Amino acid sequence: MAKDRTPDKSRATGGGATRSGGRGAGGRTRPPTQVVAQQRPWGLIAAAVAVVVFAAAVITYAVVQVNEADALRVDSIDEIAGAEVFEYEGGLHDDNAIEYEQSPPVGGPHANLWADCTGTVYDVDIRHENAVHSLEHGAVWITYDPAEVADDEIATLAELVDGESYRMMSPYEGLDSPISLQSWGHQLKVDSADDVRIKQFADLMTAKAGEFPEPGATCESPTFLADPLLAEGASAP
């Protein structure tokens, strides 16, 4: 009898192994895929935030300072309450002692030698006739009564003068107010070194064009700086 020649399907398929990718007889299991979560760079983010906050603080501070400076700025002596204006002719030199109408003086005849006014802080009552010549060159002269002004206030005033060209400062014995500021033909008297008008006057009148007789004249006076002349009756410290 003839044998059935129908092929054995189990042989044709390799002994029953499946090819579906799953686990079959004699097959291998595919390892599970590991999913790695991406970490946020928190350190960089924190640093960036800190930089932004710092920059905002700096900008805010700068804006506040500019606004305060603008609020204090004046463009005319008329905007400074209490400032007085006088008319004086320049170029009148006289080395003798001179009687002035204002105390401290703000103009008029004066000595041939000017006091050094290159941001000079004197600790003596300098000769007034020499100081007036400095005013003629465009200087602002800050004076104070040493009996009325405390050391910390003197230091505050000195900060406005020290190293600032066309400014000088000295004690002034017998002053009728604690502090007085002079430029040629202008004067302001105040009671405290914290008065905002002091800076307003100094910033406005230091070498202000058109307000003094000798524009472009130097404030350097090495002879006077080396050995300051004293006001009549003043004594060395």
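Every value quoted in this text rests on a predicted model; they were computed, and no experiment measured them.
- Across Met168 and Tyr122, no two heavy atoms sit closer than the pair CB-CE1, 4.3 Å.
- Hydrophobic clustering of Ile, Leu, Val, Met, Phe, Trp and Tyr side chains at less than 4.5 Å, counting indirect connections, keeps Val121 apart from Leu225.
- No more than 12 heavy-atom neighbours from other residues, nucleotides or ligands sit within 6.0 angstrom of CD on Glu220.
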Item to complete: In sequence, state the C-alpha distance, the side-chain angles, and the governing distance for Met205 and Ile77, and then conclude on side chain to side chain contact (heavy atoms under 4.5 Å, CB included).
Response: CA-CA 8 Å; Met205 300 309 300; Ile77 194 68; 4.2 Å; yes
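- One finds the CZ atom of Arg197 at 10.0 Å from the CG atom of Leu181 (value rounded to the nearest 0.5 Å).
- Here the closest heavy-atom approach between residue Ser221 and residue Ala115 is recorded as CB-C, 4.1 Å.
- Just one of Asp116, Asp203, Asp162 meets the salt bridge (Lys or Arg N to Asp or Glu O under 4.0 Å) condition when paired with Arg167; it is Asp203.
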Discussion item. Is there a side chain to side chain contact (heavy atoms under 4.5 Å, CB included) between Tyr100 and Val132? Walk through the geometry before answering.
Written reply: CA-CA 10 Å; Tyr100 290 104; Val132 172; 3.8 Å; yes
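- Evaluation of the ring-ring contact (aromatic ring centres under 6.0 Å, His included) rule for His133 yields His93, His110, Trp114, His137 as partners, not counting sequence neighbours.
- Between the Gln182 side chain and the Leu135 main chain, no donor and acceptor come within less than 3.5 Å of each other.
- For the pair Ile126/Asn130, no side-chain contact is recorded, criterion being any heavy-atom separation below 4.5 Å from C-beta on.
- A pairwise comparison of heavy atoms in Ser165 and Thr206 identifies O-CG2, 3.6 Å as the closest pair.
- The heavy-atom pair separating Tyr166 from Cys219 by the smallest distance is CD2-SG, 3.3 Å.
- Residues Pro104 and Gln187 are in side-chain contact: their nearest non-hydrogen atoms beyond the backbone lie under 4.5 Å apart.
- Between Ala111 and Arg127 the shortest heavy-atom distance is CB-NH1, 3.6 Å.
- Rounding to the nearest 0.5 angstrom, the gap separating the SG atom in Cys117 from the CD atom in Glu164 is 13.0 Å.
- Contact annotation: the side chain of Pro178 never approaches that of Asp145 to less than 4.5 Å [non-hydrogen atoms, C-beta and beyond].
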Practice prompt. Please assess Ile179 against Lys189 for the test side chain to side chain contact (heavy atoms under 4.5 Å, CB included), listing each intermediate value before the final yes or no.
Written response: CA-CA 6 Å; Ile179 300 167; Lys189 295 186 177 184; over 6 Å; no
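- Looking at His186 and Phe86, their side chains never come closer than 4.5 Å, going by heavy atoms from C-beta outward.
- Residues Thr143 and Leu175 form a side-chain contact, since some pair of their non-hydrogen atoms from C-beta on lies under 4.5 Å apart.
- Side chains of Trp141 and Ser170: a donor-acceptor N/O pair is present below 3.5 angstrom, by distance only.
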Discussion item. Set out, in order, the CA-CA distance, both residues' side-chain angles and the distance that settles ring-ring contact (aromatic ring centres under 6.0 Å, His included) for His128 and Tyr172, then state yes or no.
Written reply: CA-CA 9 Å; His128 306 159; Tyr172 192 100; 4.4 Å; yes
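- When the side chain to side chain donor-acceptor pair (under 3.5 Å) test is applied to Asp151, no partner is found at least two apart in sequence or on another chain.
- In this structure, the side chains of Tyr144 and Pro171 come closer than 4.5 Å at one or more pairs of heavy atoms.
- Val106 is not listed as a side-chain neighbour of Trp184, based on a closest heavy-atom distance of 4.5 Å or more.
- To the nearest 0.5 Å, atoms CG (Asp94) and CD1 (Ile98) are separated by 4.5 Å.
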Practice prompt. Apply the test side-chain hydrogen bond (donor to acceptor under 3.5 Å, both in side chains) to residues Ser134 and Glu136: give CA-CA distance (whole Å), side-chain angles for both, the deciding distance (0.1 Å), then the verdict.
Written response: CA-CA 5 Å; Ser134 301; Glu136 187 182 45; over 6 Å; no
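- With rounding to the nearest 0.5 angstrom, the CD atom of Glu153 is 8.5 Å from the CD1 atom of Ile198.
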Item to complete: Take Ile142 and Val161 through the side chain to side chain contact (heavy atoms under 4.5 Å, CB included) test and state the conclusion after the steps.
Response: CA-CA 8 Å; Ile142 298 179; Val161 175; 3.6 Å; yes
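- The two residues Leu204 and Val74 have their closest heavy-atom pair at CD1-O, 3.8 Å.
- Under the 4.5 Å side-chain criterion, counting only non-hydrogen atoms from C-beta, Asp125 is not in contact with Leu230.
- Results of the side-chain contact (heavy atoms from CB on, under 4.5 Å) test with Met169 over Thr120, Leu160, Ile154 single out Ile154 as the only residue that passes.
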